[in-house]
Amino acid sequence: MEALNKTSLIKQSKDQQHTANTMVDSMNVDGGEPSKDAPANANENCVGPSSAGAGKASACEGCPNQGACSAGAFNSPEAIAKAESETQALQSCLSNVSHVVLVLSGKGGVGKSTVAAQLCHTLASQGYAVGLLDVDLCGPSAPRMVMGNAFAGQTIHKSGDGSWTPVYSRDNIAVMSISFLLQDANQAVVWRGPRKNSLIQQFLTQVDWTGETDGLDYLIVDTPPGTSDEHISTVQYLQKASAVSGAVVVTTPEEVSLADVRKELNFCQKTKVPVLGIVENMSAFSTQMNELKFIHPTSREDVTEQMIKTLQDKCPEVLQCGIASELFGRGGGALAMANAYNAPFWGRLPLDPNLLQACEKGEAFVQEKPKSQAAVALQEFANRLVKTLPVAMDKQ
């Protein structure tokens, strides 16, 4: 295999940008059935470029595609053949992937990448073949959480048939991310929608997930916050291949987060993406007493050593206790939200400093701290996923 030229990979052709511009816009604010072939830059209530009213309906007024729709540009034999070719490429690329699971949240900073990465680790520790596709193009943090510092310097290779080979953190975890295409890890990705859409299309049509496991049991897709270009593109490309198994939605306990996550659940309803489960991340700060730092109330000096010694002498059993503090307020909002949207509530993942360290190092937390509350929760999440989306025995 030859190493891909990173500059050429992220250079988008006019043809790819045109393809990206014909992505489906599912966001029908009136709640009607979304058009299957509306361009991504179409008006909200687009009737679809292949419909009889294309370019003529009242919803078409002011749309940048109105002229093209009126002229039948999307109904030409060439356009139809191109759309069919795209669908075939999507189906071929994902033919050896059993389940594709999106990790979503309307709010940034709630821990989507943490949940996505640790789901990959946990499933892999159970023997499943797992892939992580990072479509957070402007903030690709998932590769570090799976590979640790080893992600730096990794690159994508191209095989003889033109397909991309993902980076493997171990035999049964494959990773694909824009971070492997950048010359500098600190380089900002300042792209408009069409360019983002085009790279996502490449990820979904040109990556060979075969590896040594003959495909994947689960492909976990880590997404950015919100409900914009990356989400619309990813969902609609996957739906063309009938490959969306469902979504795991992540929130934190406070109402500021819940308000945005409700919009994500609404997005799932409109795009007909099944919600597999809702996770309340950072539900409470959780650690062991002997891992705390003690500060003197007046001098503000670190008195941890003296306090630990006193506890060892006077009350050693206290040092074996776990402690918890609900930093974001008392939970319950995520469960109520799940009930309101008739979605499964998977449970709460505590804020554990050891979990944060595991993510920094790219380690499987369920193997590093198997008895911790966070590890037990992650095991439960993985078990729920496997129960909802089982893999045939001959696929394992």
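Predicted model, so just to flag it, every value in this text is computed and none were measured.
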message = Can you confirm whether the side chains of Q357 and E363 place a donor and an acceptor under 3.5 Å from each other?
response = no
task = Run through Q91, E86, Q88 and flag the one making a side chain to side chain donor-acceptor pair (under 3.5 Å) with K240.
result = E86
query = Between W346 and F381, what is the ring plane arrangement, given parallel below 30°, perpendicular above 60°, and tilted in between?
reply = parallel
inquiry  = Hydrophobic clusters here meaning ILVMFWY residues chained together by side-chain heavy-atom distances under 4.5 Å, can you tell me if F203 and V130 are in one?
reply    = yes
Check: V146 and F151 side chains under 4.5 Å, non-hydrogen atoms = no
ask   = Does some side-chain heavy atom of T234 sit less than 4.5 Å from a side-chain heavy atom of L133?
value = no
query = Which heavy atom in V250 sits nearest to a heavy atom in S105, and how many Å separate them?
reply = O-OG, 2.7 Å
query = Between P225 and K107, which heavy-atom pair has the shortest distance, and what is it?
reply = CB-C, 3.6 Å
Within one Ile-Leu-Val-Met-Phe-Trp-Tyr cluster: W191 and L182, side-chain cutoff 4.5 Å = yes
Single-linkage hydrophobic cluster V235~L219, side-chain heavy atoms < 4.5 angstrom = yes
query = Tell me, do V110 and T252 make a side-chain contact under 4.5 Å, heavy atoms counted?
reply = yes
Chi angles and distances behind the side chain to side chain contact (heavy atoms under 4.5 Å, CB included) call for H121, V366 = CA-CA 8 Å; H121 279 305; V366 294; 5.7 Å; no
Minimum heavy-atom distance S283-P253, with the two atoms named = CA-CG, 3.8 Å
For a quick test of your reading: what N or O donor-acceptor pairs under 3.5 Å do the side chains of residues 302-313 make, sequence neighbours left out?
from	atom 1	to	atom 2	distance (Å)
D302	OD1	T304	N	2.9
D302	OD1	T304	OG1	2.6
T304	OG1	F294	N	2.8
K309	NZ	D313	OD2	3.2
T310	OG1	Q306	O	2.9

request  = Might you work through the salt bridge (charged side-chain N to carboxylate O under 4.0 Å, His left out) test for R262 and E255, ending with a clear yes or no?
outcome  = CA-CA 10 Å; R262 292 187 190 99; E255 180 57 32; 2.7 Å; yes
inquiry  = Tell me whether N342 at atom CG has more than 12 heavy atoms from other residues, nucleotides or ligands lying less than 6.0 Å away.
reply    = no
task = Mind listing the closest non-hydrogen atom pair of V275 and P344 along with its distance?
result = O-CD, 3.5 Å
key: Check: L265 and I278 side chains under 4.5 Å, non-hydrogen atoms   = yes
key: Whether over 12 other heavy atoms sit under 6.0 Å from E317 CD   = yes
query = After noting the C-alpha distance and the side-chain angles of E264 and T227, does the key distance pass the side chain to side chain contact (heavy atoms under 4.5 Å, CB included) rule?
reply = CA-CA 7 Å; E264 197 74 45; T227 56; 3.6 Å; yes
ask   = Hey, does F345 have a side-chain heavy atom less than 4.5 Å from the side chain of N339?
value = no
Enclosure of Q373 CD (heavy-atom neighbours >12, cutoff 6.0 Å) = no
key: Any side-chain heavy-atom pair of Q126 and N383 under 4.5 Å   = yes
task = Could you pull out all residues at least two apart from E368 that satisfy salt bridge (Lys or Arg N to Asp or Glu O under 4.0 Å)?
result = none
message = Let's go through L276 and R384 carefully: what are the C-alpha distance in whole Å and the side-chain angles of both, what is the deciding distance for side chain to side chain contact (heavy atoms under 4.5 Å, CB included) to 0.1 Å, and is it a yes or a no?
response = CA-CA 9 Å; L276 304 173; R384 283 176 173 265; over 6 Å; no
request  = Give the minimum heavy-atom separation between M289 and V318, together with the two atoms involved.
outcome  = CB-O, 3.4 Å
message = Between S159 and H157, is there a side-chain donor-acceptor contact under 3.5 Å, judged purely by atom types and distance?
response = no
ask   = Which pair of non-hydrogen atoms, one from A142 and one from L132, has the smallest distance, and what is that distance?
value = CB-CD2, 3.6 Å
key: Over 12 foreign heavy atoms within 6.0 Å of CD, E212   = no
inquiry  = Would you say S286 and D352 are linked by a side-chain donor-acceptor pair, where the criterion is simply a distance under 3.5 Å?
reply    = no
task = From the options V386, L378, N172, select the one residue that forms a side chain to side chain contact (heavy atoms under 4.5 Å, CB included) with L123.
result = V386
ask   = For S141 and D136, does a side-chain donor sit closer than 3.5 Å to a side-chain acceptor?
value = no
